[in-house]
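Shown next, in structure tokens, is the structure this report addresses.
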Amino acid sequence: MSEEQQFTELERLRLAKLEALRQQGNDPFPPRVERSHTTAAAIAAFEAGGEQPLLATIVGRIRSMRLMGKLAFAHVEDGHGRLQLFLRADDLGAENLQHFKDYYDLGDFVEAQGEMFRTKAGEVSLNVKALRMIAKALTPLPAAKDEIVDGEVVRHATLADPETRYRQRYADLAVNPQVREVFKMRAGILRSLREFLDQHDFLEVETPVLQPVYGGAAARPFVTHHNQLKQDLYLRISFELYLKRLLVGGLERVYEIGRDFRNEGVDRTHNPEFTMLEFYMAYADYRRVMEFTEEMLRYVGRQVLGGSKLSYQGHEIDLGNAWPRITIADAVHEFAGIDISKYPDVNSLAAVMKDKGYKVRVGGSRGKLIEDLVGDHVEPRLIQPTFLYDYPREVSPLAKSQPGDPSTVERFEGYMGGFEICNAFSELNDPLDQQARFEEMGRSLKAGDEDLHPMDEDYLRAMRYGMPPNGGFGMGIDRITMLFTDQPNIREVILFPHLRRREDE
RNA sequence: GGUCCCGUAGCUCAAUGGUAGAGCAGUUGACUCUUAAUCAAUUGGUUGAAGGUUCGAGUCCUUCCGGGAUCACCA
């Protein structure tokens, strides 16, 4: 490909400047740089030191320029803030100022040395005595202007097209400071979850991503192949069955934070790969796990929000209170107007749903219909943190049955902001019951084929050695991050979300 | 996968079926306290792609590509 085709007109202009710098003996990408202060530290040191002389060498990216005859201003941004450069012919030398005007562009990384001072307009700035290019930007950043309104940087005409933002996240991050904040918050959430679990004697573990048998959730997997072993492998759809093997092995409290992969539709709350937290807690039941969940999210709120309140899409959500606990039966009764105890079989339930004008899936079990009722009529109403509990047995093959009610299991889901954020149960630890459930599930799935799950014989063998009673828990990190950062779309909290490949990639 | 909406300059956006434009960025010039600097001039387009209707298409139609919303799917 020729240079003409490879570069845009704007890029070719910058390429010429880069070449000119090289001709003059200035490496536009030097291997080492000097930095005495971050921009924020330089400003803080100047403010703290009264008006004492303060020499500083700062580095960063040029975000704005205002060029005059014998004077120029520029703002440089680094990871900590921004600092105005003041370049005056008298101090820098007329030739050096001209050099700056001729060869430096928005987006370039520079190293600037000088003395801190306050401009007539009152802004703490660096009176530059020496300036050096440390990384030339060939492509202009897709942003225009900064404005300071009440101390906040407002960026005008910035990159807004979601497709470009996701495909070129580097440009999005470089240009949209609020996007950087989302991912700092995400890191804070992960950090505080680990802190909380570590403080409660949990052991962080790592289990296989490539699995010979997938399980622990209902989803189609991605399939791959190991050449030497001549064996198909699946990217995990959950960690559950591996983590519970560890309880058999005597690890009482374990957790894993990692990636799950599900070969399903992509939408506002689903990405094919997503980050999950699962923990398993020996000798706890699902009620203990509910309390623990409340504590854990309260802790995260304190650490990353500094309190218990958050705002999600116009709703005020408070993590500080005990979460209301509603059985599935009561919730469906209240929000969908159906008393499911009166409809003990799939046909009668389907009939009453039809009477009420609700959509009824074909071939669904009674449990599946109840889940649909929850999804359509209950879930969207659960803005404040809420636990729904006691789920239908046939949609929960890994959960322990409710004593005295074989139709439900000890399972709960946590809801917030109108969607599901976590799923937990008193884990089934009876190997014979588990085998029966797998077989039952195998039969019902065989009818609809597609999602036929192979039975995990090794998991059953592990259970036969004896698994302590335990409570297990899973939570989508992406959705929690959506809530904490007030983002309506999961792609906004995933650095490089999955998009269809384009021809030019 | 179904339905609806969108794709115009590097970025943000205009343009009754009738000459493709503006602001910012860029380029040239002026300017020693600017901060969306200002002032003057100016470059930049296969309107996502390919067909079709029409005297004439950014605009209407078809197909395709990509994105968004929504539904379906996600025990």
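In this text the structure is predicted, and so the values were computed from the model without any measurement. Convention: sequence-line order gives letters A, B, ...; per-chain numbering from 1.
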Next item on the list: Go through the side-chain N and O atoms of A/D260 and A/S238 and say whether any donor and acceptor fall under 3.5 Å apart.
Entry: no
Next item on the list: Would you please confirm or rule out a distance under 4.0 Å between OP1 or OP2 of B/C71 and any side-chain N or O of A/K359?
Entry: no
Checklist line | Test item: A/R366 side-chain N/O and A/Y343 main-chain N/O as donor-acceptor pair under 3.5 Å | finding: yes
Notebook entry, point to check: Going 5' to 3' along nucleotides 28-34 of chain B, which nucleotides have protein heavy atoms under 4.0 Å from the base (write B), which only from the sugar-phosphate (write S), and which from neither (write -)?
Noted result: ---BBBB
Note to self: Please classify the nucleic acid contact of A/P140 as base, sugar-phosphate, or nothing, using heavy-atom distances under 4.0 Å.
What the structure shows: nothing
Notebook entry, point to check: Strictly under 6.0 Å, is that where the ring centroids of A/Y234 and A/Y214 end up?
Noted result: yes
Check: A/R245 side chain to A/M463 main-chain N or O, any donor-acceptor pair under 3.5 Å?
Finding: no
Notebook entry, point to check: If each of A/V395 and A/A160 is mapped to the nucleotide of RNA chain B with the nearest heavy atom, which maps nearer the 5' terminus, i.e. the 5' end?
Noted result: A/A160
Polar atom pairs (N or O), protein with nucleotides 67-69 of chain B, under 3.5 Å:
| from | atom 1 | to | atom 2 | distance (Å) |
| --- | --- | --- | --- | --- |
| B/G67 | OP1 | A/R167 | NH2 | 3.4 |
| B/G67 | OP1 | A/R500 | N | 2.7 |
| B/G67 | OP2 | A/R500 | NE | 3.2 |
| B/G67 | O4' | A/E163 | OE1 | 3.0 |
| B/G68 | OP1 | A/R491 | NE | 3.2 |
| B/G68 | OP1 | A/R491 | NH1 | 3.2 |
| B/A69 | OP1 | A/N489 | ND2 | 2.7 |

Notebook entry, point to check: What integer number of Å spans the C1' atoms of B/G44 and B/U27?
Noted result: 10 Å
Note to self: When you compare the side chains of A/Y242 and A/D458, does any donor N or O come within less than 3.5 Å of an acceptor on the partner?
What the structure shows: no
Check: By side-chain hydrogen bond (donor to acceptor under 3.5 Å, both in side chains), which residues pair with A/H99, not counting sequence neighbours?
Finding: A/Q24
Next item on the list: Using side-chain hydrogen bond (donor to acceptor under 3.5 Å, both in side chains) as the criterion, list what pairs up with A/K120, not counting sequence neighbours.
Entry: none
Checklist line | Flag, side chain of A/E420 to backbone of A/G375, donor-acceptor distance under 3.5 Å | finding: no
Next item on the list: Kindly say whether the aromatic ring centers of A/F86 and A/F73 come within a distance under 6.0 Å.
Entry: yes
Please enumerate all protein N or O atoms sitting under 3.5 Å from an N or O of nucleotides 41-46 of chain B, with distances to 0.1 Å.
none

Next item on the list: Whenever both distances are under 3.5 Å in a Watson-Crick or G-U wobble pair, mark it; put RNA chain B into dot-bracket that way, with [ ] for crossing pairs and | when the partner is on another strand.
Entry: (((((((..((((....[..)))).(((((.......))))).....(((((..]....))))))))))))....
Check: When all nucleic acid strands are considered with a 4.0 Å heavy-atom cut-off, which category describes A/R361: base, sugar-phosphate, or nothing?
Finding: sugar-phosphate
Item checked: Side chain A/Y104, main chain A/M133, donor-acceptor under 3.5 Å -> yes
